[in-house]
Amino acid sequence: MNNIKLGWAGLGNMGTPMVKNLLKAGFPVAVYNRTRSKEQEAIEAGASSAEGLQQLGIENEVILVMVSDDKAAKEIFTGPDGLLSGNVSGKLFINVSTVSPKTSKFLNESCRNKGAEFLEAPVSGSVKPAQDGTLIILVGGSEQNYQKAKPLFDVLGKLSLLVGPVGAGSAAKLAINYFLGLNLQGLAETVLFAQANGVKTEDMLTIINEGACGNGITKIKSPAILKNEFPAAFALKHLAKDLRLAKEQGLETPLSTPLYNSFKQAQDAGLGDEDVMAIYTYLDKE
Ligand code: NAP
């Protein structure tokens, strides 16, 4: 019986489908989202609405957080009425948002100072794997906490890996998102180059996807390129953030600086709320 009382903060593109899977698996989930109206979908699926972040921390045994970035995660945890503002001794907090290893260590320290436990567990995979419960979960923290959280990870993902102490999971997440960025930019540049030389977009995407260079991401993103429409599954601003965090974490490889600049400029050009594949739109206009 899945009777661990769960709290969940952050119901964006990722948070909502993840909560719905936990509800489907039988966990009771109390939710909080800064814009309270966005809780509706989770409530309709069976979640309860927490009075506030402080109550979310006090009233639940395991509390998960899925928000945009380092600033949001810090506010949620350590803000004046945040998750850690009440008596949370013995609780387990799990940050599944993508943040820097430094912020993750800060959140760990903040929890430990309150007698609570902490895991970082950023996820690889976008909205579809979040809906299907097939995310890959990159965990940093202690074995004991990992084992406690494993039943939840088994619902949310097809694989969870304890990669090391707090900080290691975030580092692994930044590494895989660097590879994601390379794939997206490579796909966009390749299609645009082919187009400029008279090759139809559809034909070029078939050549890529039927051959050895086709992969999960080229296949998922091809329909959006064909339609030339990029509603956000993974907002471009979040990948620009991840590439910045990777640079700050010491990524100094030959492709990393131009890749970061490309996504940053696309964000500055107003494409931040579009999907990551909108890098194609930006490069097309360049
Ligand atoms: P999203 O749809 O943009 O949702 C962001 C969430 O963060 C919303 O619930 C938002 O609340 C909340 N938030 C932002 N700033 C806040 C603040 N200062 N205080 C409280 N709440 C705040 O983002 P997402 O796509 O779900 O991504 C969430 C995290 O997962 C990010 O770290 C992202 O990098 C990572 N991630 C995303 C994907 C993906 O494909 N989407 C995949 C893997 C990992 P409001 O509703 O009030 O704005």
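Atoms within each ligand, like the ligands themselves, are counted from 1 in listed order.
- Annotation: ligand 1 has protein neighbours Gly10, Leu11, Gly12, Asn13, Met14, Asn33, Arg34, Thr35, Lys38, Met66, Val67, Ser68, Ala72, Glu75, Ile76, Ser97, Thr98, Val123, Gly125, Ser126, Lys173, Ala233, Phe234, His238, Lys241, each with a heavy atom less than 4.0 angstrom from the ligand.
- The side-chain contact (heavy atoms from CB on, under 4.5 Å) check on Glu59 picks up Gln55, with sequence neighbours excluded.
- The salt bridge (charged side-chain N to carboxylate O under 4.0 Å, His left out) check on Lys74 picks up nothing, with sequence neighbours excluded.
- A salt bridge links Lys71 with Glu75; the closest basic N to acidic carboxylate O contact falls under 4.0 Å.
- A pairwise comparison of heavy atoms in Val65 and Asn95 identifies O-OD1, 3.3 Å as the closest pair.
- Asp273 pairs by the side-chain contact (heavy atoms from CB on, under 4.5 Å) definition with Lys237, not counting sequence neighbours.
- Note on Glu39 versus Arg36: salt bridge recorded, some NZ/NE/NH1/NH2 to OD/OE distance being below 4.0 Å.
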